There are 2 protein chains.
Amino acid sequence: MKKRPEITAQTRQNLIDSFWLLYCEKRIENITVKEITQKAGYNRGTFYEYFTDIYDVLEQLEASLIPSLDELPQFTIQNQTMGMPLDMLMKLYEKNSKYYSVLLGDNGDPGFASKLKTSIKPILKQELIQYNDLDPIEFDFILEYILSAMIGIMSYWFRNDKKLPAEDLIRLIQDIMTNGVTNRLLK
Amino acid sequence: MKKRPEITAQTRQNLIDSFWLLYCEKRIENITVKEITQKAGYNRGTFYEYFTDIYDVLEQLEASLIPSLDELPQFTIQNQTMGMPLDMLMKLYEKNSKYYSVLLGDNGDPGFASKLKTSIKPILKQELIQYNDLDPIEFDFILEYILSAMIGIMSYWFRNDKKLPAEDLIRLIQDIMTNGVTNRLLK
DNA sequence: TTTCATTATACAACAAGTTGTTTGATTATA
DNA sequence: TATAATCAAACAACTTGTTGTATAATGAAA
């Protein structure tokens with residue numbers, strides 16, 4: 001198998017691309033193998049040479065979008081001051097916005113947000129753990145809080161065509177994170 | 001049709017219940033009408049007397065889980081001090097935890113979180129708008145931030161069998177919201 | 001270089017299962 | 001007894017995953 005990588009890689013990618021076009025339009029459960037292969041110009045059977053089923057396409061695609069530890073921008077308190085994972089997430093999002101805004105949106109995959117959090121948590125943890133003596137459990141909750149908020153607000157930002165200038169958004173989040181949301185809300 | 005509401009309401013509920021048992025086990029697209037009606041002890045045709053298709057069941061179920069404006073606990077700055085929507089969401093979640101933890105979980109429906117946010121936002125907005133002079137757009141971002149964080153951390157809490165005592169969780173969130181997350185993280 | 005067997009790639013056709021609908025028959029209740 | 005509620009059976013249309021087959025690129029032998 002796979003003795004002609006240029007060809008199979010191309011076919012694979014064509015199928016993924018067609019899948020993505022459909023995924024942007026409708027829920028995954030309404031996508032058929034027939035549609036994908038027709039759009040890509042292949043026989044339906046060919047699909048099964050590359051994927052076990054439609055969910056396999058999504059999984060493979062998602063896997064390629066989850067940053068591995070070493071390719072994530074290195075994160076230290078020094079270079080990030082307070083920014084926390086803000087920059088990291090921002091860059092990640094920017095780089096893959098085409099996919100992220102859909103996967104993290106209303107018709108996306110709730111599992112993807114989890115995968116993303118899971119991949120980022122260890123990095124933050126490792127760096128932050130030395131600066132506090134929090135109960136590990138409580139620490140996890142705080143991380144979950146931060147990442148949920150960030151992913152939520154970033155998705156909102158992309159969804160709404162970046163109505164707010166990027167600088168304003170960053171300033172806003174940083175302010176909320178350092179001074180609390182209450183102060184900002186109650187003047 | 002529907003001249004004997006007691007009976008039809010019961011049937012409807014039985015079908016929804018069976019659907020829910022299956023939904024807790026597997027992805028919605030692998031659920032068949034046959035399975036639902038078999039589990040509930042009805043003929044397959046009966047299903048179509050009540051729902052147009054399987055997604056219709058989920059939609060109807062979700063609709064019953066989204067609080068309407070008037071049934072939401074009234075929220076005022078006075079009685080909530082800083083708590084913001086915390087108590088509100090907490091009670092809502094507690095009341096429907098059986099469904100919320102699944103719908104908001106990894107295999108849930110990403111659209112449900114949106115629906116929930118959309119239903120809560122106006123209430124917060126209405127009450128909070130008078131206490132600040134924020135730019136409306138920025139205001140929306142802050143709301144999105146808060147609700148994403150809250151829903152995220154609450155889901156995490158339920159998913160992990162409430163490892164943290166409820167009081168601790170509430171105190172934690174309130175602290176983060178009033179004093180910022182940074183302070184808590186960096187001792 | 002040319003030939004030819006190998007095999008990677010893609011295809012067409014298949015059985016099995018689901019969907020949503022329809023028709024007409026059973027219950028049971030009011 | 002009239003009819004609401006459910007059931008049984010059958011339907012065409014569609015999707016799925018698999019199997020066996022054709023095409024064409026590859027590389028070793030002549």
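A, B, ... follow the sequence lines: proteins, then strands. Residue 1 opens every chain. Keep in mind that this is a model prediction, so the values were computed, not measured.
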Visitor: Ion pair present between B:K39 and B:D17, side-chain N to carboxylate O less than 4.0 angstrom?
Guide: no
Visitor: Please state how far atom CG in B:N43 lies from atom P in C:dT22, giving the value in whole angstrom units.
Guide: 15 Å
Visitor: Expressed as a whole number of angstroms, how long is the span from B:F51:CZ to D:dT6:P?
Guide: 12 Å
Visitor: Does the ring centre of A:F112 sit less than 6.0 Å away from the ring centre of A:Y100?
Guide: yes
Visitor: State yes or no: are the ring centers of B:Y93 and B:F158 separated by less than 6.0 Å?
Guide: yes
Visitor: Quick one: B:E49 CD to C:dT22 C1', roughly how many Å, whole number?
Guide: 11 Å
Visitor: Does this structure show an ion pair linking A:E94 with A:K162, if we count only N-O contacts that are shorter than 4.0 Å?
Guide: yes
Visitor: Below the 4.0 Å mark, does C:dT9 have OP1 or OP2 next to a side-chain nitrogen or oxygen of A:T46?
Guide: no
Visitor: Less than 6.0 Å separating the ring centroids of A:Y156 and B:F141?
Guide: yes
Visitor: Does the side chain of B:Y50 get closer than 4.0 angstrom to OP1 or OP2 of D:dA5 through an N or O atom?
Guide: no
Visitor: Find the distance B:Q10:CD to C:dT29:C1' and express it as a whole number of Å.
Guide: 16 Å
Visitor: Give the rounded distance in Å between these two atoms: OH of B:Y55 and P of C:dT19.
Guide: 10 Å
Visitor: Given atom CG of B:N14 and atom P of D:dA5, what is their separation to the nearest angstrom?
Guide: 15 Å
Visitor: Suppose the criterion is salt bridge (Lys or Arg N to Asp or Glu O under 4.0 Å): which pairs have a residue in residues 165-177 of chain A, not counting sequence neighbours?
Guide: A:D168-A:R171, A:D175-A:R184
Visitor: Between the protein and nucleotides 15-17 of chain D, list the N/O to N/O atom pairs that are separated by less than 3.5 angstrom.
Guide:
{"unit_1": "D:dT16", "atom_1": "OP2", "unit_2": "A:V33", "atom_2": "N", "d": "3.1"}
{"unit_1": "D:dG17", "atom_1": "OP2", "unit_2": "A:Y48", "atom_2": "OH", "d": "2.9"}
{"unit_1": "D:dG17", "atom_1": "N7", "unit_2": "A:R44", "atom_2": "NH1", "d": "3.2"}
{"unit_1": "D:dG17", "atom_1": "N7", "unit_2": "A:R44", "atom_2": "NH2", "d": "3.4"}
{"unit_1": "D:dG17", "atom_1": "O6", "unit_2": "A:R44", "atom_2": "NH2", "d": "2.3"}

Visitor: In whole Å, I'd like the distance from the CG atom of B:N30 to the P atom of C:dT19.
Guide: 11 Å
Visitor: Within this structure, what is the CD-to-C1' distance between B:Q38 and C:dG17, rounded to whole angstrom?
Guide: 13 Å
